[in-house]
Novice: 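The structure is given below, and queries will be raised subsequently.
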Amino acid sequence: MRFSKTCVPTLRETPSEAEAVSHKLLVRAGYIRQLASGLYIFMPLGWRVMERINAIIREEMALTGAQELLLPLLHPADIWQKTGRWSEIGDEMFRLKDRTGRDMCLGMTHEEIMTWLAAREIRSYRALPQIWYQIQTKLRDEARPKSGILRTREFIMKDSYSFDRDEAGLAQSYRLHEEAYHRIFRRCGLRFYQVESDPGMMGGATAHEFMAPSPAGEDEIALCASCGYSANVELAESVPPEVEFRDWPYEEVHTPGKRTVQEVSEFLGAPPAYFIKSLLYISGEGPLLVLLRGDQELQEKKLQRLVGPCRPARKDEVVEILGVEAGFIGPAGHDVRIVADEALREGVYISGANRTDYHVRGIRPGKDFTAEWTDLHIARSGDGCSRCGAALRVERAIEIGNIFKLGTKYSVPLKANYLDEDGREHPLVMGSYGIGPARIAAAAVEQNNDENGIVWPEEIAPFDVMLLPLQTGSAEVNRVSEEIYGELSGRGIDVFIDDRNERAGVKFKDADLIGIPLQVIVGEKGLRDGLVEIKTRRTGEKKTVKADAAVEEVTRMVRRTARAGHEPG
RNA sequence: CGGGGCGUAGCGCAGUCUGGUUAGCGCACCUGCCUUGGGAGCAGGGGGUCGGUGGUUCGAAUCCACUCGCCCCGACCA
């Protein structure tokens with residue numbers, strides 16, 4: 001392809017609204033343009049990257065035996081009503097009416113429609129298992145689109161769905177996806193982790209996320225380098241640092257106006273870890289008291305998994321329910337349900353005295369109060385791994401894929417059943433599996449860039465080679481360039497030739513910014529000795545070769561990286 | 001949805017507080033000369049309803065009200 005005939009609007013300056021590195025670079029290098037908040041246009045180079053990613057996904061999905069199909073993105077409401085999600089999901093679903101007044105929505109995901117299809121077309125155990133997938137646009141009216149193409153309101157997703165006769169079959173389909181995802185992300189050149197995740201509203205028990213570490217990510221993951229434990233911090237378990245307790249006797253202390261752990265800690269001269277933090281929450285089943293060590297934070301997702309949807313109590317509710325002002329709540333003497341973090345099981349603590357302006361020192365769990373013990377705190381870097389005790393590391397990461405065991409959550413309400421050998425009817429056991437190609441692209445840029453621009457991983461770069469004829473006025477430069485261009489193209493190598501009538505400096509800058517892995521530089525200077533240069537974008541390394549050997553050498557370099565990318569994970 | 005910031009040429013910005021020439025600068029764009037291995041130079045040129053609406057005023061990019069849009073933090077996120 002020729003630069004002069006392609007719309008690649010590179011920018012010298014960073015657009016002011018861009019914050020994330022990938023956003024800045026993708027806009028500057030002419031890959032994407034924004035239409036409105038959370039709505040992006042993929043320019044020719046950007047779309048090539050997406051298509052290359054999708055091609056990898058298709059190849060690897062084919063190896064699982066999955067079949068590609070395409071579903072509508074405009075859905076009738078009644079199917080979503082049958083599974084209950086029409087009412088469960090709030091403003092995040094785009095809703096509309098057709099001309100006859102029928103309620104419709106734009107697909108945020110396709111469990112309902114896939115299950116609807118399976119209900120009609122799968123009858124027998126003989127047809128199982130099935131894996132169906134599509135690469136389709138999804139629409140979600142995000143509360144806050146952000147970071148360029150990392151979180152948008154309209155985005156392309158590869159979503160697949162497995163249908164099995166039982167849990168064992170589902171486990172197999174799940175495993176096939178795990179393996180395929182590892183191959184896909186590896187080929188896309190990403191550093192990533194597979195972590196345990198919260199199944200959330202998807203239902204089912206098991207779920208994993210694929211996370212590409214990056215400061216631009218929205219999630220945090222806890223990792224153990226020693227035993228390999230890895231989980232989203234929403235559910236990551238950890239053992240907070242141990243504390244040397246003091247053998248305080250039980251006594252009330254006057255703490256006038258000191259409410260927060262921080263304030264009382266300073267006032268009494270005892271570190272926060274010696275405190276019990278008491279938080280009142282309101283759940284569907286009534287109030288509950290949540291206890292944490294003073295140096296820990298509550299992970300609300302963990303609490304919600306235990307007690308269902310809940311929220312912090314208001315100040316007036318605290319007084320009404322516990323009979324004490326917030327700030328002086330203690331764990332003892334209440335008849336509400338009490339849940340406490342594991343870290344509090346042992347020790348001697350200070351906590352509220354359930355009396356304004358007083359705290360109690362010398363509280364002993366088990367003796368002075370009882371509770372349901374569970375892991376409720378937020379895992380932090382440096383905490384001990386709950387499996388092996390080694391130090392955990394917490395990193396920010398971009399979610400690039402997820403896999404869920406759904407079970408029969410959708411097949412039951414949509415009556416997606418099959419008949420077994422004995423003619424008995426059973427619901428299909430399902431899984432669902434997503435990948436965001438645009439997030440792969442963004443994560444790849446986040447992880448692969450330098451001060452000059454993008455450094456694409458080989459397999460997802462828009463082209464294999466960027467060819468730079470430095471002097472378009474020179475017949476010799478043009479002749480050699482066109483020859484190389486033609487021969488490489490003939491060998492199936494994708495070449496982008498910068499045939500613009502620009503100065504050499506402009507071409508170098510744009511080539512580095514755009515980030516194609518190899519640059520072939522054809523200039524008058526080199527040609528005087530019959531030489532051209534091959535530059536590796538990532539390392540900046542340049543090698544000089546005879547012009548007539550360039551095609552061979554480039555072919556060798558491209559094939560080598562391509563092979564490396566295909567190695568199984 | 002709460003908090004903060006910003007809307008002036010394709011991009012990046014100044015001017016707004018303290019109203020008053022023809023609204024300015026850099027980059028980009030067009031023409032010519034010159035130059036040509038890391039975003040050249042000189043000369044000339046095109047491009048703006050100052051986000052929108054309404055108000056105050058002799059006079060509004062500038063002051064006031066409303067409104068729309070975009071970004072960031074948080075809440076949210078099958």
Side-chain angles (χ1 to χ4, degrees), chain A residues 7 9-20 23-24 27-28 30 33-39 80 83-86 88-93 107-112 114-115 138 140-148 150-153 155 157 159 161 197-204 207 209 216 218-219 232 234 300-301 304 309 311-312 399 402-406 409-410 430-434 436 451-453 468-474 477 498 500-514 519 521-528 531-533 535 540 542 544:
Chain A
C7 187
T10 58
L11 266 26
R12 190 183 295 207
E13 282 171 293
T14 303
S16 60
E17 71 270 15
E19 192 72 21
H23 187 195
K24 290 178 185 171
V27 171
R28 271 196 65 205
R33 285 294 184 263
Q34 184 181 36
L35 172 65
S37 182
L39 299 175
W80 286 79
T83 61
R85 292 164 111 190
W86 179 262
E88 277 168 29
I89 296 169
D91 292 338
E92 206 169 326
M93 177 149 46
M108 317 174 60
T109 177
H110 283 77
E111 279 79 13
E112 274 78 359
M114 280 283 185
T115 310
K138 307 279 191 249
R140 297 181 188 172
D141 197 356
E142 287 283 352
R144 185 148 98 82
K146 59 181 289 198
S147 305
L150 273 179
R151 181 138 148 196
T152 53
R153 295 191 293 175
F155 56 97
M157 188 169 163
D159 50 321
Y161 304 84
S197 73
D198 183 358
M201 301 280 289
M202 289 294 279
E209 288 163 334
E218 296 185 85
D219 289 279
N232 193 306
E234 288 175 4
E300 282 197 24
K301 300 268 179 182
Q304 284 174 10
R311 60 168 176 85
E399 181 186 347
N402 53 43
I403 54 181
F404 295 93
K405 286 189 182 175
L406 298 176
K409 175 174 166 138
Y410 297 92
M430 295 175 54
S432 97
Y433 317 88
E451 65 280 4
N452 295 313
L468 304 177
L470 294 186
Q471 297 85 15
T472 45
S474 156
V477 167
D498 190 350
R500 295 174 302 169
N501 182 23
E502 288 287 353
R503 301 166 60 85
V506 173
K507 296 190 179 192
F508 286 133
K509 288 288 185 193
D510 274 345
D512 286 350
L513 180 61
I514 289 166
Q519 297 172 12
I521 299 157
V522 182
E524 282 178 329
K525 204 170 85 183
L527 283 187
R528 281 198 287 271
L531 301 172
V532 301
E533 283 167 67
K535 174 179 156 183
K542 285 184 186 177
T544 306

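Lettering follows sequence order; numbering is per chain, from 1. Given the structure is predicted, the values throughout are model-derived calculations rather than measurements. Just so it is clear, the values below take in all heavy atoms, side chains as well, and ignore hydrogens, waters and symmetry mates.
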Novice: To the nearest angstrom, how far is E19(A) atom CD from C70(B) atom C1'?
Specialist: 13 Å

Novice: Atom CG of D510(A) to atom P of C27(B): distance rounded to whole Å?
Specialist: 17 Å

Novice: So does E524(A) get a backbone contact from the side chain of Q471(A), meaning a donor-acceptor N/O pair under 3.5 Å?
Specialist: yes

Novice: Are the side chains of P15(A) and R28(A) in touch, meaning some heavy atoms are under 4.5 Å apart?
Specialist: yes

Novice: Answer whether the closest heavy-atom distance between the side chains of V477(A) and T472(A) falls below 4.5 Å.
Specialist: no

Novice: Taking the side chain of E142(A) as heavy atoms from C-beta outward, which of C77(B), C71(B), G38(B) is closest to it?
Specialist: C77(B)

Novice: Which whole number of Å gives the distance between the P atom of G12(B) and that of A28(B)?
Specialist: 15 Å

Novice: Given atom CD of E218(A) and atom C1' of C77(B), what is their separation to the nearest angstrom?
Specialist: 8 Å

Novice: Please measure how far the C1' atom in G44(B) lies from the corresponding atom in G4(B), and state the result in whole Å.
Specialist: 46 Å

Novice: Please name the nucleotide paired to A28(B) by Watson-Crick or G-U wobble geometry with both distances under 3.5 Å, or report none.
Specialist: none

Novice: Tell me the partner of A75(B), counting only Watson-Crick (N1-N3 plus N6-O4 or O6-N4) or G-U wobble (N1-O2 and O6-N3) with both under 3.5 Å; none if nothing fits.
Specialist: none

Novice: Just call it for G526(A): base, sugar-phosphate, or nothing, with non-hydrogen atoms closer than 4.0 Å on any strand.
Specialist: base

Novice: Is R503(A) near enough to A40(B) that one of its side-chain N or O atoms lies under 4.0 angstrom from OP1 or OP2?
Specialist: yes

Novice: How many Å lie between CG on N501(A) and P on U35(B), as a whole number?
Specialist: 15 Å

Novice: Are the side chain of R33(A) and the backbone N or O of P9(A) linked by a donor-acceptor pair below 3.5 Å?
Specialist: yes

Novice: Using a heavy-atom cut-off of under 4.0 Å over every strand shown, decide if D512(A) touches base, sugar-phosphate, or nothing.
Specialist: base

Novice: If we take the P atom in both U35(B) and C42(B), what is their distance in whole Å?
Specialist: 15 Å

Novice: With a 4.0 Å cut-off on heavy atoms, is K138(A) in touch with a base, just the backbone sugar-phosphate, or nothing at all?
Specialist: nothing

Novice: Which listed nucleotide (G39(B), G12(B), C76(B)) is nearest to the side chain of A143(A)?
Specialist: C76(B)

Novice: Can a donor-acceptor pair be found, under 3.5 Å and without considering hydrogens, that links the side chain of Y161(A) to the backbone of H110(A)?
Specialist: yes

Novice: Would you measure the distance from the P atom in G48(B) across to the matching atom in G32(B) and give it in whole Å?
Specialist: 23 Å

Novice: Given that both distances must come in under 3.5 Å, which nucleotide forms a Watson-Crick or G-U wobble pair with C70(B)?
Specialist: G5(B)

Novice: Which nucleotide sits closest to the side chain of Q471(A): G38(B), G39(B), G37(B)?
Specialist: G37(B)

Novice: Does S147(A) reach a base, just sugar-phosphate, or nothing at all? Heavy atoms under 4.0 Å.
Specialist: sugar-phosphate

Novice: Which is true for N402(A) with a 4.0 Å heavy-atom rule: it touches a base, it touches only sugar-phosphate, or it touches nothing?
Specialist: nothing

Novice: Considering Watson-Crick and G-U wobble pairs with both distances under 3.5 Å, what does U16(B) pair with?
Specialist: none

Novice: Taking any strand in view, what nucleotide pairs with G37(B) in a Watson-Crick or G-U wobble way, both distances under 3.5 Å?
Specialist: none

Novice: So does E111(A) pair up with R85(A), basic N to acidic O under 4.0 Å?
Specialist: yes

Novice: Reading RNA chain B from 5' onward, which residue's closest nucleotide shows up sooner: V506(A) or P15(A)?
Specialist: P15(A)

Novice: May I have the distance from K301(A) (atom NZ) to C76(B) (atom C1'), rounded to whole angstrom?
Specialist: 8 Å

Novice: Which whole number of Å gives the distance between the P atom of A61(B) and that of G24(B)?
Specialist: 13 Å

Novice: Could you state the CD-C1' distance from E17(A) to C73(B), rounded to the nearest angstrom?
Specialist: 18 Å

Novice: Please give the nucleotide sitting opposite U62(B) as a Watson-Crick or G-U wobble pair, both distances under 3.5 Å, or none.
Specialist: none

Novice: Could you work out which one of G12(B), C76(B), G39(B) sits closest to the side chain of K509(A)?
Specialist: G39(B)

Novice: Using the P atom as the point on both nucleotides, what is the distance between G69(B) and U53(B), in whole Å?
Specialist: 16 Å

Novice: Measure CG/D498(A) against P/G38(B) and give the value in whole Å, please.
Specialist: 15 Å

Novice: If you go through the side-chain atoms of R12(A), does one of them form a donor-acceptor pair with the base of C11(B) closer than 3.5 Å?
Specialist: no

Novice: Give a yes or no on whether the backbone of R500(A) and the side-chain of K507(A) come within a donor-acceptor separation of less than 3.5 Å.
Specialist: yes

Novice: For the pair R153(A) (side chain) and L39(A) (backbone), establish whether a donor and an acceptor sit closer than 3.5 Å, ignoring hydrogens and angles.
Specialist: no

Novice: Give the nucleotide from the list C13(B), C29(B), C77(B) with an atom nearest to the side chain of E92(A).
Specialist: C77(B)

Novice: In whole Å, what is the span from the NZ atom of K24(A) to the C1' atom of C71(B)?
Specialist: 13 Å

Novice: Just compare G39(B), G37(B), C11(B) and give me whichever is closest to any side-chain atom of L11(A).
Specialist: C11(B)

Novice: Looking only at side-chain N and O atoms, does K146(A) come under 4.0 Å of OP1 or OP2 in C73(B)?
Specialist: yes

Novice: With nearest nucleotides of RNA chain B determined for K542(A) and R153(A) from heavy-atom distances, which residue corresponds to the more 5′ nucleotide?
Specialist: K542(A)

Novice: Quick check: do F404(A) and M430(A) have side-chain heavy atoms less than 4.5 Å from each other?
Specialist: no

Novice: Please check the phosphate of C71(B) (OP1 and OP2 only) for any side-chain N or O of S37(A) closer than 4.0 Å.
Specialist: yes

Novice: State which of C77(B), G39(B), C71(B) makes the closest approach to the side chain of L513(A).
Specialist: G39(B)

Novice: Taking the P atom of each, how far is G51(B) from U8(B), in whole Å?
Specialist: 6 Å

Novice: Has R144(A) got a side-chain N or O lying under 4.0 Å from the OP1 or OP2 atom of C73(B)?
Specialist: yes

Novice: Does a distance-only test, which skips hydrogens and angles, find a donor-acceptor pair under 3.5 Å between the side chain of E13(A) and the base of G26(B)?
Specialist: yes

Novice: State whether Q34(A) places a side-chain N or O below 4.0 Å from either non-bridging phosphate oxygen (OP1 or OP2) of C71(B).
Specialist: yes

Novice: For the side chain of T10(A), counting heavy atoms from C-beta on, which of C13(B), G39(B), C76(B) is nearest?
Specialist: G39(B)

Novice: Please state whether the base of G37(B) and the side chain of E533(A) form at least one donor-acceptor pair under 3.5 Å?
Specialist: yes

Novice: Can you tell me how far P in G46(B) sits from the matching atom in G54(B), rounded to whole Å?
Specialist: 31 Å

Novice: Can you tell which of C70(B), G37(B), C72(B) lies closest to the side chain of A36(A)?
Specialist: C70(B)

